[in-house]
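Report on one structure; see the data block that follows.
Numbers restart at 1 for each chain; the letters A, B, ... are given by sequence-line order, proteins then strands. Keep in mind that the numbers below use all heavy atoms, side chains included, and drop hydrogens, waters and symmetry copies. Since we're looking at a predicted model, the values are computed, not measured.
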There are 2 protein chains.
Amino acid sequence: MTTAQRPTLEAVARLAGVSRATVSRVVNGSTTVAEPIQEAVRRAVAELGYVPNLAARTLVTQRTDSFALVLPEAATRVFSDDQVFPGIIRGVGQELEAADKQLVLMLAGSPAGHARVERYTSGRHVDGVLFASLHGADPLPGKLARLGIPVVCSGRPLDGAEVPYVDVDHVGGVARAVRYLIDSGRRRIATMAGPQDMVAGIERLVGYRETVAAAGLPELVAYGDFTRESGTAAMRQLLAEHPGLDAVFAASDLMAHAALRALREAGRHVPDDVAVVGFDDIETAAYTEPPLTTIRQPIVELGRAMTRQLLRIAAGETVEQALLLPTELVVRDSA
Amino acid sequence: MTTAQRPTLEAVARLAGVSRATVSRVVNGSTTVAEPIQEAVRRAVAELGYVPNLAARTLVTQRTDSFALVLPEAATRVFSDDQVFPGIIRGVGQELEAADKQLVLMLAGSPAGHARVERYTSGRHVDGVLFASLHGADPLPGKLARLGIPVVCSGRPLDGAEVPYVDVDHVGGVARAVRYLIDSGRRRIATMAGPQDMVAGIERLVGYRETVAAAGLPELVAYGDFTRESGTAAMRQLLAEHPGLDAVFAASDLMAHAALRALREAGRHVPDDVAVVGFDDIETAAYTEPPLTTIRQPIVELGRAMTRQLLRIAAGETVEQALLLPTELVVRDSA
DNA sequence: TTGTACGCGTTATCAG
DNA sequence: CTGATAACGCGTACAA
């Protein structure tokens, strides 16, 4: 192994003719060092190509300057083409980069993976942890928070833990969409709900229920898991159980996309016979046949907001327990 | 800050009634420790909830047990819905998890981001670096390799550096697809090429050129950047310049998707008037109108293979300079 | 087989 | 404003 010995503080100090302590001060931007000395130190640093050893620094400062983003790999969504997780990753990455922190990505699929995440994060190998959209009532966020480790979730923790979270306004967005359908004269509005062990699935269904109930309309529900396959099945089920439906709100664009095709195969015309609204506004939504009316969620911004909250917590500030990002109805041709 | 003091080796040693060194041996799986003592140490570890301090360990072992995956954030592709980068991330994550290593994700979009990546990786804060599909001739991989830092790229480095890489067989896949078009009787086969500063863009064009040339057919080329927008523009351009074309090979499924729509708008029927073949086999490909015939690339496997190579290099082994993963033609209805 | 003692590269405290 | 010097927590020759 070509272990080209890296220069240390010591080496820089010798070259600059000062003490290690002084070099450290300059490197860390202390203002209490005379200008000419700073100059000399900086020259030495440049000449030697000195780069601080993070491990040594961490050992004494107790900070790692890195944050973990935990993704539930099991969720097929992670790598389906809805861009939810890539979007979150990007937002988190942007905000961490701005703060000069590292992003440690942990895919927690298997039980073994989950145990690994627990061991690693609770071992304080990172300064804070971001949880993206967990399934079920994962106790880990609450556990870490109780250990005093900064934690932020995307979506309200389902186990009721008092962990700060950021989420998009599912309920508000869905309510707007369903009201839009009602205002367009639709009266038999069905929904293809998402998985009920995920906040996004739960809240989008709540939004639907509240709105149709308020309008005195019937609830027509089928369940899916956000994927296209499940959307196809759910659409067929709805058609079989409620042949008279005149609109469908799908809890994800992928399910809406599948619904479009299933409706066509069933001989229904969109939007004349049946109006379809999705949720997410993935890129494909503008290219479906017909282009999909959907609810846009600010997914990159979600990642950024989570990260900002986490950084504030890590800095010792207190943050609001919940933060809700606005969603927006994007009207195209399917409704 | 709730800095619940973590137990150290020292504490475990006291509780178990042995020396620090012995505890260290047990923790690191040395076999030279008497069984009863191992037992006692393990009990103490469990009781105290001891977790090794990675920074301290890194300081002495010179290993960080973490690897960086560098993504060019600027590429709009990263967060378009083609799943290329998510797929790579997943593959890398799986393989690193199996090796009990951490994944540090670095989005290198801006020049500042690039500098940051260089500083971080050349500072040996990771045990190795994976580069995903760079634009242009980035000198960083070569530079790191020369510093003795394990590096693996996805795709042949464009600056000619002798860095090991893994890639999918672009040329072979495209050749098969184009021959398939020829065998179907198509004679005026156009291509919508990808960006020529990326290996994937270059090689896919090469595959097209070699195959049409070998068949004595004309080259009909328009350029895009893998996105749908660029696909729309390229398709219109091709139609204007070569109204007689009877087939199109698009260097990405997104461009192919856009081509489908552009062709429909131009009154051409797919596949009767014009056959369309894409590249990637994204999930959407099975849901386009008509479903897209395309070349499937094993993208998750690409991530895994890159990681395996990197781990081998980091372990001191030597690996083959290039590794090519097979691609496969998936025939649906568009050609 | 076990323990002692040193060193890894920094930051922080405290004199000067 | 600068320089010794003591931690930080661990792995590992070396000695016992």
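Contact check, A/Asn28 against C/dT11: a side-chain N or O comes under 4.0 Å of OP1 or OP2. For C/dT11, one of the phosphate oxygens OP1 or OP2 lies less than 4.0 angstrom from a side-chain nitrogen or oxygen of A/Ser24. Side-chain nitrogen and oxygen atoms of A/Thr22 include at least one within less than 4.0 Å of the OP1 or OP2 phosphate oxygen of D/dG3. For the OP1/OP2 pair of C/dG3 and a distance below 4.0 Å, the side-chain nitrogens and oxygens of B/Ser19 include at least one atom meeting the criterion.
Nearest heavy atoms, B/Phe85 versus B/Ala132: CE2-CB, 3.6 Å.
Considering only the side chain of B/Val33, C/dT2 comes nearest among C/dT10, C/dT2, D/dG9. For B/Thr61, whose side chain is taken as the heavy atoms from C-beta onward, the closest listed nucleotide among C/dT1, D/dG11, C/dT10 is D/dG11.
One atom, CG of A/Leu9, and another, C1' of D/dG3, lie 14 Å apart when rounded to the nearest Å. Straight-line distance from the CZ atom of A/Arg57 to the C1' atom of C/dT11: 9 Å, rounded to whole Å. Taking atom CG of B/Asn53 as the reference point, atom P of C/dC8 lies 18 Å away to the nearest angstrom. Rounded to whole angstrom, the span from the CZ atom of B/Arg20 across to the P atom of C/dT4 amounts to 10 Å. Separating the CG atom of B/Leu54 from the C1' atom of C/dT10 is a distance of 17 Å, rounded to the nearest angstrom. Rounded to an integer number of Å, the gap from CD of B/Glu10 to C1' of C/dG3 is 12 Å. Following rounding to the nearest Å, A/Leu59 (CG) and D/dA6 (P) show an atom-to-atom distance of 17 Å. The distance from atom CZ of B/Arg63 to atom P of D/dG9 is 20 Å, rounded to the nearest whole Å.
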Table of protein N/O atoms under 3.5 Å from nucleotides 13-16 of chain C N/O atoms:
none

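Taking the charged nitrogens against the carboxylate oxygens, B/Glu162 and B/Arg146 have no contact shorter than 4.0 Å, which rules out a salt bridge. Ion pairing of B/Arg308 with B/Glu301 is present here, as a side-chain N (NZ or NE/NH1/NH2) and a carboxylate O approach within less than 4.0 Å.
Comparing A/Thr32 and B/Pro52, the nucleotide of DNA chain D nearest to each residue sits closer to the 5' end for A/Thr32.
Considering B/Leu130, B/Val151, B/Val166 in turn, B/Val166 is the only one that fulfils the side chain to side chain contact (heavy atoms under 4.5 Å, CB included) rule with B/Gln309.
Non-hydrogen atoms lying under 4.0 Å from DNA chain C are contributed by B/Ala34, B/Ile37, all within residues 34-50 of chain B.
B/Gln38 places a side-chain N or O within 3.5 Å of a backbone atom of B/Val33 that can act as its donor or acceptor partner. In this structure a side-chain-to-backbone donor-acceptor pair under 3.5 Å is present from A/Thr58 to A/Arg63. Side-chain N or O atoms of A/Asp127 include none that pairs as donor or acceptor with a backbone N or O of A/Phe67 at under 3.5 Å. Judged by distance alone, the side chain of A/Ser24 and the main-chain N or O of A/Arg20 form no donor-acceptor pair under 3.5 Å.
For the helix from C/dT1-D/dA16 to C/dG16-D/dC1, the axis fitted to the five pairs at one end and the axis fitted to the five pairs at the other end meet at an angle of 40° (nearest 10 degrees).
In this structure the side chain of B/Val18 reaches within 4.5 angstrom of the side chain of B/Ile37, judged on heavy atoms. At least one side-chain heavy atom of A/Arg116 sits under 4.5 Å from a side-chain heavy atom of B/Gln102. In this structure, B/Asn53 and B/Arg57 have side chains that are not in contact, with every pair of non-hydrogen atoms separated by 4.5 Å or more.
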**Q.** Evaluation steps, side-chain contact (heavy atoms from CB on, under 4.5 Å), between A/Arg90 and B/Leu107
**A.** CA-CA 8 Å; A/Arg90 174 152 80 154; B/Leu107 288 326; 5.8 Å; no
